[in-house]
Novice: 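Dropping a structure here in structure tokens format, bear with me for questions.
Everything numeric here is computed off the predicted structure, so don't read it as measured data.
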Amino acid sequence: MSARPPQRKDPVDAIIDQWAAVRPDLDTKAMEVFGRIYRLSRTVGDRMEKAYTPYGISRGEFDVLATLRRSGEPYTLSPRQLSATLMLTTGGMTGRLDKLERADLLRRSPDPHDRRGLQVTLTEKGLTLIDQAVGAGLAVQTEALSALDAEQADQLADLLRELLAGAPESR
């Protein structure tokens with residue numbers, strides 16, 4: 001059996017050490033896990049935001065375009081479907097759709113199956129842009145994940161899936 005290599009210290013360790021000094025009665029394991037998840041998400045998220053800048057879109061706008069792209073041909077969803085998938089209010093969604101439509105990355109049109117509804121469809125320009133931007137975002141994520149070997153990355157994905165499945169739903 002091989003010994004585990006010594007762990008590097010990170011800013012979360014300093015926080016945990018401070019709590020241990022002033023409140024040794026606290027079990028800070030959850031803080032260790034979620035503090036790292038939060039910091040990692042924020043750090044990688046900021047880098048992804050920079051990766052999308054050359055395409056003229058933000059992370060939020062990327063999410064809209066990526067959701068339409070993932071839906072498959074004809075790359076069309078209702079604003080309500082987009083809002084539900086992205087967990088956004090209709091007001092938040094409208095602002096994103098307005099900007100993306102002005103940039104000719106998507107178009108809104110009447111829903112042929114619902115006189116009161118709209119459908120949102122990627123344009124050719126939007127399809128080309130999202131296919132390039134998704135590669136840029138994945139490159140950032142892949143670089144961040146390169147600190148782990150393939151087995152560790154698979155294990156982490158499995159553990160996070162379990163953690164997420166057990167988390168209370170946020171509404």
Novice: L26: which residues meet the side chain to side chain contact (heavy atoms under 4.5 Å, CB included) condition with it, sequence neighbours left out?
Specialist: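 Result, side chain to side chain contact (heavy atoms under 4.5 Å, CB included) vs L26: W19, R23, T28.
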Novice: Say you draw a straight line from CZ of R161 to CG of L156; how long is it, rounded to the nearest 0.5 Å?
Specialist: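 Reported to 0.5 Å precision, the distance equals 10.5 Å.
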Novice: Identify which one of E101, K99, M93 satisfies the side chain to side chain contact (heavy atoms under 4.5 Å, CB included) criterion when paired with L97.
Specialist: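 Among the candidates, only M93 passes.
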Novice: Can you name the nearest heavy-atom pair linking R39 to P11, along with the distance?
Specialist: NH1-CB, 3.5 Å
Novice: Please tell me if the side chains of E143 and V140 come closer than 4.5 Å, counting only heavy atoms from C-beta onward.
Specialist: no
Novice: Can you give the donor-acceptor pairs under 3.5 Å from side chains of residues 48-55 to other protein atoms, not counting sequence neighbours?
Specialist:
residue: E49; atom: OE1; partner: R59; partner atom: N; Å: 3.3
residue: E49; atom: OE2; partner: R59; partner atom: N; Å: 3.3
residue: T53; atom: OG1; partner: E49; partner atom: O; Å: 3.1

Novice: Find the distance between CG (L86) and OG1 (T67) and round it off to the nearest 0.5 Å.
Specialist: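 So the CG of L86 and the OG1 of T67 are separated by 4.0 Å.
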Novice: Return the CZ to CD1 distance between R42 and I37, rounded to the nearest 0.5 Å.
Specialist: 16.0 Å
Novice: Where do R108 and T94 come nearest, in terms of heavy atoms and distance?
Specialist: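 Answer, listing the atom of R108 first, then T94: NH1-O, 4.2 Å.
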Novice: Just how far is it from atom CG of D154 to atom CG of D149, taken to the nearest 0.5 Å?
Specialist: 9.0 Å
Novice: I need the L122 CG to R69 CZ distance, nearest 0.5 Å.
Specialist: 8.0 Å
Novice: Would you please test D17 and K9 for side-chain contact (heavy atoms from CB on, under 4.5 Å) and show each step?
Specialist: CA-CA 11 Å; D17 290 346; K9 292 286 192 176; 4.3 Å; yes
Novice: Do NZ/NE/NH1/NH2 and the carboxylate oxygens of D13 and R36 come within less than 4.0 Å?
Specialist: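 R36 and D13: salt-bridged.
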Novice: Should I15 and M31 count as side-chain neighbours, where that means a heavy-atom distance under 4.5 Å?
Specialist: yes
Novice: Would you check if the side chain of T85 reaches a backbone N or O of Q81 as a donor-acceptor pair within less than 3.5 Å?
Specialist: yes
Novice: Looking at L159, is its backbone amide N or carbonyl O close enough to the side chain of E162 to form a donor-acceptor pair, meaning the two atoms are under 3.5 Å apart?
Specialist: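 No: the side chain of E162 does not pair with the backbone of L159.
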Novice: Evaluate side-chain contact (heavy atoms from CB on, under 4.5 Å) for V64 paired with L105, printing each intermediate quantity in order.
Specialist: CA-CA 10 Å; V64 172; L105 299 174; over 6 Å; no
Novice: How close do L118 and P79 get, heavy atom to heavy atom, and via which atoms?
Specialist: O-CD, 3.3 Å
Novice: Is there a chain of hydrophobic side chains (I, L, V, M, F, W, Y, each step under 4.5 Å between heavy atoms) that links L160 to L40?
Specialist: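 No; L40 is not reachable from L160 via cluster members.
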Novice: Please test Y75 against T123 for side-chain contact (heavy atoms from CB on, under 4.5 Å), starting from the C-alpha separation and ending with a verdict.
Specialist: CA-CA 9 Å; Y75 314 116; T123 61; over 6 Å; no
Novice: Looking at side-chain heavy atoms only, is the closest gap between L68 and L82 below 4.5 Å?
Specialist: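 Counting from C-beta outward, L68 and L82 do come under 4.5 Å.
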Novice: Is there a path of hydrophobic side-chain contacts, each under 4.5 Å between heavy atoms of I/L/V/M/F/W/Y residues, joining L148 to V33?
Specialist: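 Yes, one cluster joins them.
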Novice: Give, for atom CG of L106 and atom NZ of K125, the distance between the pair rounded to the nearest 0.5 Å.
Specialist: 11.0 Å
Novice: Is the shortest heavy-atom distance from the side chain of L129 to the side chain of E61 under 4.5 Å?
Specialist: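 Not in contact.
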Novice: Do L145 and V134 share a hydrophobic cluster, counting only Ile, Leu, Val, Met, Phe, Trp and Tyr and linking them when any side-chain heavy atoms are less than 4.5 Å apart?
Specialist: no
Novice: Holding to side chain to side chain contact (heavy atoms under 4.5 Å, CB included), I want the full list of residues that pass it with T76, two or more places apart in sequence or in another chain.
Specialist: P74, Q119, T121
Novice: Just do the side-chain contact (heavy atoms from CB on, under 4.5 Å) check on Y38 and V12 with the steps written out, would you?
Specialist: CA-CA 10 Å; Y38 173 78; V12 175; over 6 Å; no
Novice: Determine the minimum heavy-atom distance between Q141 and V44, stating which atoms define it.
Specialist: CG-CG1, 4.3 Å
Novice: Is I16 linked to V22 within one hydrophobic cluster, defined over Ile, Leu, Val, Met, Phe, Trp and Tyr using a side-chain heavy-atom separation of less than 4.5 Å?
Specialist: yes
